[in-house]
Each structure stands twice: as C-alpha cells, then as structure tokens.
Amino acid sequence: MAKIQTPQPVRGTQDIFGEDQERFQHVVETFERVRRLYGFKGVQMPVFEPTSVFARSLGETTDVVSKEMYSFEDRGGDSLTLRPEFTAGISRAFLTNGWQQHMPLKLSTHGPLFRYERPQKGRYRQFHQLDAEIIGAGEAAADVELLCFADQLLKELGIADGVTLQLNTLGDAESRDAWRDALVAHFQAHKAGLSKDSQDRLERNPLRILDSKERQDRPIADSAPDIDAYLSSEAKEFFAQVTEGLDACGVAWTRNSRLVRGLDYYRHTAFEFVTDRLGAQGTVLAGGRYDGLIESLGGPATPAVGWAAGIERLGMLLEEPRPEKPLITVIPDDPKDEKVALEIVSVLRRAGIVTDFAFRGNTKKRFTLATKRGSRGRLVVTADESGKGIPSRQGHKIRINEPDSFEQANSSLIDVVLEALKSGYNVVAHERAETGYAVDAVLQASNIE
RNA sequence: GCGAUCGUAGCUCAGUUGGUUAGAGCGCCGGUUUGUGGUACCGGAGGUCGGGGGUUCGAGACCCCUCGGUCGCCCCA
C-alpha cells in the first residue's frame, strides 16, 4: 500500500491547544470583561475586505500593503484581501453603516489577522489581536480613556510588571509634514553615513530611521530634530492634555521622542506598551490617533484613536494558567449502571457543577481517567440491593469520595455535590462509608412523572 | 526578502571520528500488586531517523536541494 504524505499545516499557522488555548482564552475573556467596564461595544467584522480598503488607508508604500497582504481574486474577479489589521475594516464599516449617528463610538473586537511574514516566536501569518477604537472623538480625553483601558487590561492580566508605556506625539498633519521634511533634510545631509537599510527607508519611510537598531545609524538618528520644534501650539496643547489625563488616572508613561508609527494614517498620539521579555517581539500593545484615515476612505473628516494587542504575545507573558479541571467525575460501577450515571451527570451539570463522565474501559480505567483529568472527586454509581434507590429502576446508590482528603469525609466538595443532587433527587439517606473517606447516599427521584 | 541554527517513536531527547536487527524517559495498550483504583512491578505496540537526490562496500551521521521550527534583520501586535 502506498503511504500517503500526511498534510502539513500552512506555514506560520498554529493549532492552539491545551495550555496555549487556556492562555489565549484567558486573554480574550479578560479583555471582554475590561472593555465592558469602559463602555466599549463589541463588533464583529468580515475577515476579508476589498483590497482597496487596506491599500488606501495603510499607505501603498508600506511593507504591509506592498508585500505582506494575502490578496486574491474571487470568482467574480474582485480583488479581496484577508485583513492584515482591524482599523481599516472598522473604518469602512463605520462609513457603510452610517455609524456617524452613534459618535463618539467606542468599539472593540478581536479575531484573526493575516500577514505574509517570516514566522518567529510570537509572530505568525495568521495571528490574533484585541482591538479597541474610539471613532468620532477629537478630544484628548478619548486618547486618555483608551490608554487607561489598555493599562488596566495589562494590570488585570497580571503582566504590567516589566511593561512600560512609551508615548510620543506625531503632531497634526501640518506639524507632521513639517517635521518629516526636516527629518528628510537631516538624513539626506548624512546619507552616506547611514546603513543600507536606512538609505532605503529614506525613500519609503524616513520616520523609521529614527528607531533604527543599526549601530551606525544611531548618532545620526539621535541628532535628528525632535518633533517638538515643529509642533503647532494646538498640537502641543493636545499632547499636554493627554499626558495630564494619564497622570490623573495614575497611568505611568515615558516620553519616547523616537517612537513613530509605520502606517501612514497616524497623527498626534502614538504609543506602545513594550516588554523586554519577548526578544524582538517586544511590542505588546500599540496604537495611536488616526484622524485622517476615514477621510482617506472617502468619508467625512472624522477623528479617531485606537490600539491593538497581540493575543499570542499577551498569552506568552501570562503566569502559568491553572488548567480547566472537572470538579467531579461520575463513574458507573458496572455497564448496567450507565444510564443512571448519565442521568446523575445531567442533574449535576444543570446544577452548575463541572462534571466529567467516565465512559471508557473497566472501572479501574475509569478511575485512572478521573485521576488524569485532575477531577477533585469521584461519584460512583452502584446498584443498591436495599431497593431504596432511584425508583423506576432497580435501585441505585452513589458513593462520593475525594482522594485528596482521605481523612476528612465531610469535606465541602461532598456537601456541594449532595446539594446539587437535590435539584433532581431526594437524598433519602447518606452516611460515611466504612472505608472512612467517602460518603454513601441513596437518591430518590423527586418529581415522578 | 536576508543571515544563523535545528529537524531521530505521540512528547522531551541520546545516538561517540559513517560500520551489524536505531535507544531511554514520559505517554499509550495489556497484566500483576495496592488502601477505590494514588503508588510499585512485569510485558507489549509504536520510527521509510522532515522529504528528495548524491558520495560510499556501507549514511540517522558527510554533500546538494527542498519543506518546516527557532533566533536575529526587515517590518510589525
């Protein structure tokens, strides 16, 4: 028989399972909880959009657009792109749904994004982000609220230690353009001293030379003019309001005048929460103000701010998550007892008890499984010769034990389980078993049909 | 796209300068033991050594190509 080649996953994709899945889930659940505290509405977006949505808003010359997008033609001949980020799609939705009426609109979402990049740890071709945006608010208070949200999220995830908020302003459109011209002039004058990468950047993305890691670029980048000299008084005032607001909220920040954004649409506030624990993938949450974006998509001039955070990266920073364990495993003592056991399982689950049903193998195997899954207690269902048990069948009793507490039969777990069983049965009798670390009980159906 | 490094059982890895039937631990399956089943002991299954080509009497080890992982650059969350 010819052996067929097993399929490989697509490069840079991941199957998230076990502990990774628990980390992922914890990040998303914490995000969902905190965003409600701040009054952000959830929203779901399509995973693909017309290519022009991203091409126009991100800037044609950016790396993301020019070489990292998953773009394809559909059967109707339209060029579509798997979303490489959230902001452009949300802006498009804002326009096509007439969400102007809800301004200022606070939105949040999370889900998969796609970028054709070289995979590394914490960087995938299909990756996942949290996202928060405030659309239609030009006030610095919107920036402050968004940053407080981010700060609280990181704190509640327990990863704020070792993470610093770096803050900068790119000024309004005029400030930014004037600064950019000055930078280009400065770098042009020192072009010969720049690294090859940075010489390329001079054409495409001169702002990026500022945070170059190339040693030979540092003196030139460090001596480049700061934005401050080019800020209009309005832009200066705006940034001051943001920093004062952060101080009022108790959010720690540091000014990084070398912090810039890669995408064209950013104005004013730019920020990154950075950790030193993830190597080259140190940025854990980043964003800024993008007042020009919606206009560039053909809409009315609409101020907006937002951020995004990598779920995988946040998950990697989390403390060891405690695994999900069933509270109790129900074990029929004999195949004949399975139906009754299932009935009990249903009653427990409906009463809110996390219950596992051991359905494979002999009784010993079922106990082994209960141990392996880490359930705190076992509930064994056995036939009861006294005939006092669950009516309409021949009579059953249960035995509950908790292996971790051999000495204490009257543990809280046993009480909790007995209490839950009362929602479906009358517990007519229960007593400590002869072995000393278990409780036997007889159940009687409480509502007889 | 560039540079470095790695790829042996389901998992983590060992396999000495190329040399007979490729090993261990954990996990899995079966059995014995045990205080309700933790533990301990015995046995078993499972590998075309990422894939393809080459050098050689002989390759898991050497060479080339290719596909993946990891780290850095680029870019970015």
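Within every chain, numbering begins at 1; the chains are lettered A, B, ... in the order of the sequence lines, protein sequences first and strands thereafter. Both backbone and side-chain heavy atoms feed into the values below; hydrogens, waters and symmetry mates do not.
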A:Arg373 CZ to B:G37 P, straight-line distance once rounded to whole Å: 19 Å
Euclidean distance, atom CZ of residue A:Arg23 to atom P of B:A77 [Å, nearest integer]: 23 Å
Sugar-phosphate, base or nothing in reach of A:Arg313, heavy atoms under 4.0 Å: base
Residues which pass salt bridge (Lys or Arg N to Asp or Glu O under 4.0 Å) with A:Glu49, listed by chain and number, not counting sequence neighbours: A:Arg92
Separation between the P atoms of B:C41 and B:U48, rounded to whole Å: 30 Å
Sugar-phosphate, base or nothing in reach of A:Lys196, heavy atoms under 4.0 Å: nothing
Presence of A:Lys364 side-chain N/O under 4.0 Å of B:G31 phosphate oxygens OP1/OP2: no
P spacing across the pair B:G50 / B:A9, given as an integer number of angstrom: 8 Å
Nearest-Å distance once atom P is located in both B:C49 and B:U21: 14 Å
Interatomic distance where CG belongs to A:Asp211 and C1' belongs to B:C76 [whole Å]: 11 Å
Partner residues of A:Arg125 under the salt bridge (Lys or Arg N to Asp or Glu O under 4.0 Å) criterion, sequence neighbours left out: none
A:Leu369 CG to B:C28 C1', straight-line distance once rounded to whole Å: 13 Å
Integer angstrom distance from the C1' of B:A24 to that of B:G46: 15 Å
By salt bridge (Lys or Arg N to Asp or Glu O under 4.0 Å) - contacts of A:Glu312 (at least two apart): none
Residue-phosphate contact under 4.0 Å: A:Lys213 side-chain N/O, B:C73 OP1/OP2: yes
Below 4.0 Å: OP1/OP2 of B:G69 and any side-chain N or O of A:Gln120: no
Touch class at under 4.0 angstrom, heavy-atom based, for A:Phe86 against every strand present: nothing
P spacing across the pair B:C42 / B:C13, given as an integer number of angstrom: 27 Å
Between B:G37 (P) and A:Arg378 (CZ): distance, integer Å: 8 Å
Touch class at under 4.0 angstrom, heavy-atom based, for A:Arg123 against every strand present: base
side-chain hydrogen bond (donor to acceptor under 3.5 Å, both in side chains) between A:Thr254 and A:Gln166, worked out: CA-CA 5 Å; A:Thr254 55; A:Gln166 303 195 359; 5.1 Å; no
Protein-nucleotide distance (A:Gln126, atom CD; B:A77, atom C1'), rounded to Å: 14 Å
A:Arg261 side-chain N/O to B:C76 phosphate OP1/OP2 under 4.0 Å: no
Pair listing, ring-ring contact (aromatic ring centres under 6.0 Å, His included) test, anchored in residues 183-226 of chain A, at least two apart: A:His186-A:His190
Result of checking A:Tyr290, A:Phe149, A:Phe273 against A:Trp307 for ring pair (Phe, Tyr, Trp, His ring centres under 6.0 Å): A:Phe149
C1' gap between B:A4 and B:U8, integer Å: 22 Å
Residue met sooner reading RNA chain B from 5', once A:Val284 and A:Pro119 are mapped to nucleotides: A:Pro119
Contacts of A:Arg373 that satisfy salt bridge (Lys or Arg N to Asp or Glu O under 4.0 Å) - sequence neighbours left out: A:Asp356
Sugar-phosphate, base or nothing in reach of A:Ala309, heavy atoms under 4.0 Å: nothing
From CA spacing to verdict: side-chain hydrogen bond (donor to acceptor under 3.5 Å, both in side chains), A:Arg378, A:Thr371: CA-CA 9 Å; A:Arg378 297 83 207 264; A:Thr371 304; 3.3 Å; yes
Pairwise C1' distance, B:G15 and B:A59 [rounded to whole Å]: 14 Å
Canonical and wobble pairing (Watson-Crick, G-U, under 3.5 Å) of RNA chain B, dot-bracket with |: (((((((..((((.....[...)))).(((((.......))))).....(((((..]....))))))))))))....
Out of B:C73, B:U36, B:G30, whichever nucleotide has its closest atom nearest the side chain of A:Lys365: B:G30
Spacing between A:Arg118 atom CZ and B:G69 atom C1', to the nearest angstrom: 10 Å
Interatomic distance where CG belongs to A:Leu113 and C1' belongs to B:C76 [whole Å]: 12 Å
Pairwise P distance, B:G18 and B:C57 [rounded to whole Å]: 15 Å
Any side-chain donor near an acceptor of the partner, A:Tyr425 and A:Glu343, under 3.5 Å: yes
Along RNA chain B (nearest heavy atom to each residue), the more 5'-positioned of A:Gly122 and A:Val10: A:Val10
Touch class at under 4.0 angstrom, heavy-atom based, for A:Gly18 against every strand present: nothing
Sugar-phosphate only, base, or nothing, as touched by A:Glu85 at under 4.0 Å among non-hydrogen atoms: nothing
